[in-house]
Participant: 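Here it is, the structure in full.
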Amino acid sequence: EDWGSCLKAAQALVRVFPAEAASHRLLGDAYAKVRFWNEAQECYAEAIRLRSDDEAAWRSRAQLYVVAGDGEAALDAFRELTKLAPDRASSWFDYAAALEAAGRSEQAKMYYELAVKQRGDYGAAWAALGAIAEQQGETAEAIACLQRAAAAEPRDAARWLTLGEMQDRK
């Protein structure tokens with residue numbers, strides 16, 4: 001893929017539409033693809049300044065903080081995303097994953113539970129809940145969660161394998 005050409009096109013888009021948050025977000029995405037992290041963050045910040053409810057800019061900004069290893073900034077950005085999209089299960093999932101990455105599994109569990117409450121077929125959230133339950137020594141709960149994860153995404157062989165291994169250990 002030619003991300004250099006994409007970057008030039010996105011830069012041209014910002015020149016033509018400098019007051020549009022979407023153009024800055026797209027430029028940020030292009031910078032991120034070529035690993036110009038600081039430039040990408042500046043573009044996301046500008047997109048958010050222009051339109052503070054730009055969910056995609058907040059999500060991209062948070063994901064870049066994760067890549068940069070700035071867990072607290074990532075948590076802040078994901079928290080903002082949950083305020084913007086409280087009815088979107090993926091917002092809660094992303095926030096929970098950031099909490100878990102920061103070593104806060106018990107808090108993460110609450111937000112994974114919110115994600116599956118909003119979308120019962122959220123396989124990744126069920127799998128995360130299963131992993132946390134397993135870490136806490138709650139094997140029966142872990143198996144139940146992994147069964148839900150496997151049922152939600154029946155073509156995901158890794159989920160079935162993990163479930164089978166856990167059941168064998170039981």
Side-chain angles (χ1 to χ4, degrees), residues 21-22 24-26 28-29 32-33 37 40-41 43-170:
H24 291 275
R25 180 175 24 85
L26 291 172
D29 292 345
K33 289 293 184 184
W37 310 123
Q41 280 294 16
C43 290
Y44 296 137
E46 181 62 11
I48 291 165
R49 186 189 70 73
L50 290 168
R51 201 179 116 214
S52 62
D53 66 343
D54 188 331
E55 293 174 36
W58 278 106
R59 178 169 278 110
S60 295
R61 180 182 219 186
Q63 290 167 341
L64 269 188
Y65 284 135
V66 169
V67 169
D70 191 343
E72 287 305 312
L75 282 172
D76 289 343
F78 281 127
R79 189 177 307 111
E80 186 62 31
L81 188 59
T82 64
K83 292 175 190 172
L84 294 172
D87 58 340
R88 193 165 309 193
S90 61
S91 297
W92 297 110
F93 177 86
D94 290 341
Y95 183 51
L99 283 166
E100 191 173 8
R104 294 153 63 178
S105 295
E106 199 55 43
Q107 278 184 295
K109 182 179 176 180
M110 289 182 353
Y111 294 104
Y112 285 131
E113 288 170 348
L114 273 173
V116 297
K117 184 177 179 182
Q118 288 184 339
R119 201 179 108 205
D121 66 343
Y122 204 150
W126 282 114
L129 284 167
I132 290 172
E134 182 180 24
Q135 291 167 1
Q136 296 173 338
E138 299 171 11
T139 306
E141 178 67 21
I143 289 171
C145 290
L146 289 173
Q147 286 172 332
R148 298 284 302 263
E153 297 174 8
R155 292 185 177 182
D156 188 339
R159 295 212 202 299
W160 289 103
L161 181 61
T162 302
L163 176 60
E165 289 171 348
M166 190 173 296
Q167 288 173 325
D168 287 345
R169 288 193 305 260
K170 183 177 171 189

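This structure is a prediction, so every number in the text was calculated from the model and none was measured. Quick note: numbers below take in every heavy atom, side chains included, and nothing from hydrogens, waters or symmetry partners.
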Participant: Answer whether the closest heavy-atom distance between the side chains of Met166 and Gln147 falls below 4.5 Å.
Facilitator: no

Participant: How long is the span from the CG atom in Leu50 to the CZ atom in Arg25, to the nearest 0.5 Å?
Facilitator: 11.5 Å

Participant: When rounded to the nearest 0.5 angstrom, what is the spacing between OG1 in Thr82 and CG in Asp87?
Facilitator: 11.5 Å

Participant: Compare every heavy atom of Arg159 with every heavy atom of Gly123, then report the nearest pair and how far apart it is.
Facilitator: C-NH2, 3.7 Å

Participant: Before you tell me yes or no, could you show the steps for Arg119 and Phe93 under side chain to side chain contact (heavy atoms under 4.5 Å, CB included), namely the whole-Å CA-CA distance, both residues' side-chain angles and the distance that decides it to 0.1 Å?
Facilitator: CA-CA 11 Å; Arg119 201 179 108 205; Phe93 177 86; over 6 Å; no

Participant: I'd like to know if Arg61 and Glu80 make a salt bridge, using a cut-off of under 4.0 Å between side-chain N and carboxylate O.
Facilitator: no

Participant: Can you tell if the side chain of His24 reaches within under 4.5 Å of the side chain of Arg49, non-hydrogen atoms only?
Facilitator: no

Participant: Taking Ser91 as the fixed residue, which of Leu81, Leu114, Leu84 is the one that meets the side-chain contact (heavy atoms from CB on, under 4.5 Å) rule?
Facilitator: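 Testing Ser91 for a side-chain contact (heavy atoms from CB on, under 4.5 Å) against Leu81, Leu114, Leu84 leaves exactly one candidate, Leu81.
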
Participant: Do the side chain of Ser60 and the main chain of Ala57 share a donor and acceptor less than 3.5 angstrom apart?
Facilitator: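 No, the answer is negative, given that no donor and acceptor are paired below the 3.5 Å cut-off.
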
Participant: For Arg155, give me all partners under salt bridge (charged side-chain N to carboxylate O under 4.0 Å, His left out), at least two apart in sequence or on another chain.
Facilitator: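 So Arg155 forms no salt bridge (charged side-chain N to carboxylate O under 4.0 Å, His left out) with any residue.
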
Participant: How about Trp126 and Leu146: do any of their side-chain heavy atoms sit closer than 4.5 Å?
Facilitator: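 They are not in side-chain contact.
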
Participant: Mind checking what makes salt bridge (charged side-chain N to carboxylate O under 4.0 Å, His left out) contact with Arg59, not counting sequence neighbours?
Facilitator: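 Arg59 satisfies salt bridge (charged side-chain N to carboxylate O under 4.0 Å, His left out) with Asp94 once adjacent residues are dropped.
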
Participant: Kindly indicate whether the side chain of Glu165, heavy atoms from C-beta on, has any atom under 4.5 Å from the side chain of Leu161.
Facilitator: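 Side-chain contact under 4.5 Å: yes.
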
Participant: Can you measure from CZ (Arg79) to CG (Leu99) and round to the nearest 0.5 angstrom?
Facilitator: 7.5 Å

Participant: Does Tyr44 reach the main-chain N or O of Gly28 with its side chain, forming a donor-acceptor pair under 3.5 Å?
Facilitator: yes

Participant: Would you call the rings of Tyr111 and Trp92 parallel, tilted or perpendicular, where under 30° means parallel and over 60° means perpendicular?
Facilitator: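 Rings of Tyr111 and Trp92: parallel, as their planes differ by under 30°.
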
Participant: Is the shortest distance from a Lys or Arg side-chain nitrogen in Lys109 or Glu141 to a carboxylate oxygen in the other one below 4.0 Å?
Facilitator: no

Participant: Nearest 0.5 angstrom please: Leu129 CG to Ser105 OG, how far?
Facilitator: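 Going from the CG atom of Leu129 to the OG atom of Ser105 covers 11.0 Å.
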
Participant: To the nearest 0.5 angstrom, please state how far the SG atom of Cys145 sits from the CZ atom of Arg148.
Facilitator: 8.5 Å

Participant: Taking side chain as C-beta onward, heavy atoms only, is Phe78 less than 4.5 Å from Val66?
Facilitator: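 Yes - at least one pair of side-chain heavy atoms lies under 4.5 Å apart.
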
Participant: Please report the shortest heavy-atom distance between Pro86 and Gln118, naming the atom on each side.
Facilitator: O-NE2, 2.6 Å

Participant: Which atom pair, heavy atoms only, marks the closest approach of Ala74 to Ala62?
Facilitator: CB-O, 3.7 Å

Participant: How long is the gap from CG on Asp76 to CG on Asp70, to the nearest 0.5 Å?
Facilitator: 8.5 Å

Participant: Do you know the tightest heavy-atom contact between Trp37 and Ala32?
Facilitator: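 What the structure gives for the nearest pair is CZ3-O, 3.5 Å.
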
Participant: Donor-acceptor pair, Trp58 side chain versus Asp53 backbone, under 3.5 Å?
Facilitator: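 Pair absent, no side-chain N/O of Trp58 close to backbone of Asp53.
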
Participant: If you look at every heavy atom in Ala115 and Ala125, which pair is closest and at what distance?
Facilitator: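 Scanning both residues, the minimum pair turns out to be CB-CB, 4.1 Å.
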
Participant: What are the two closest heavy atoms between Arg51 and Ala21, and how far apart are they?
Facilitator: CB-CB, 3.6 Å

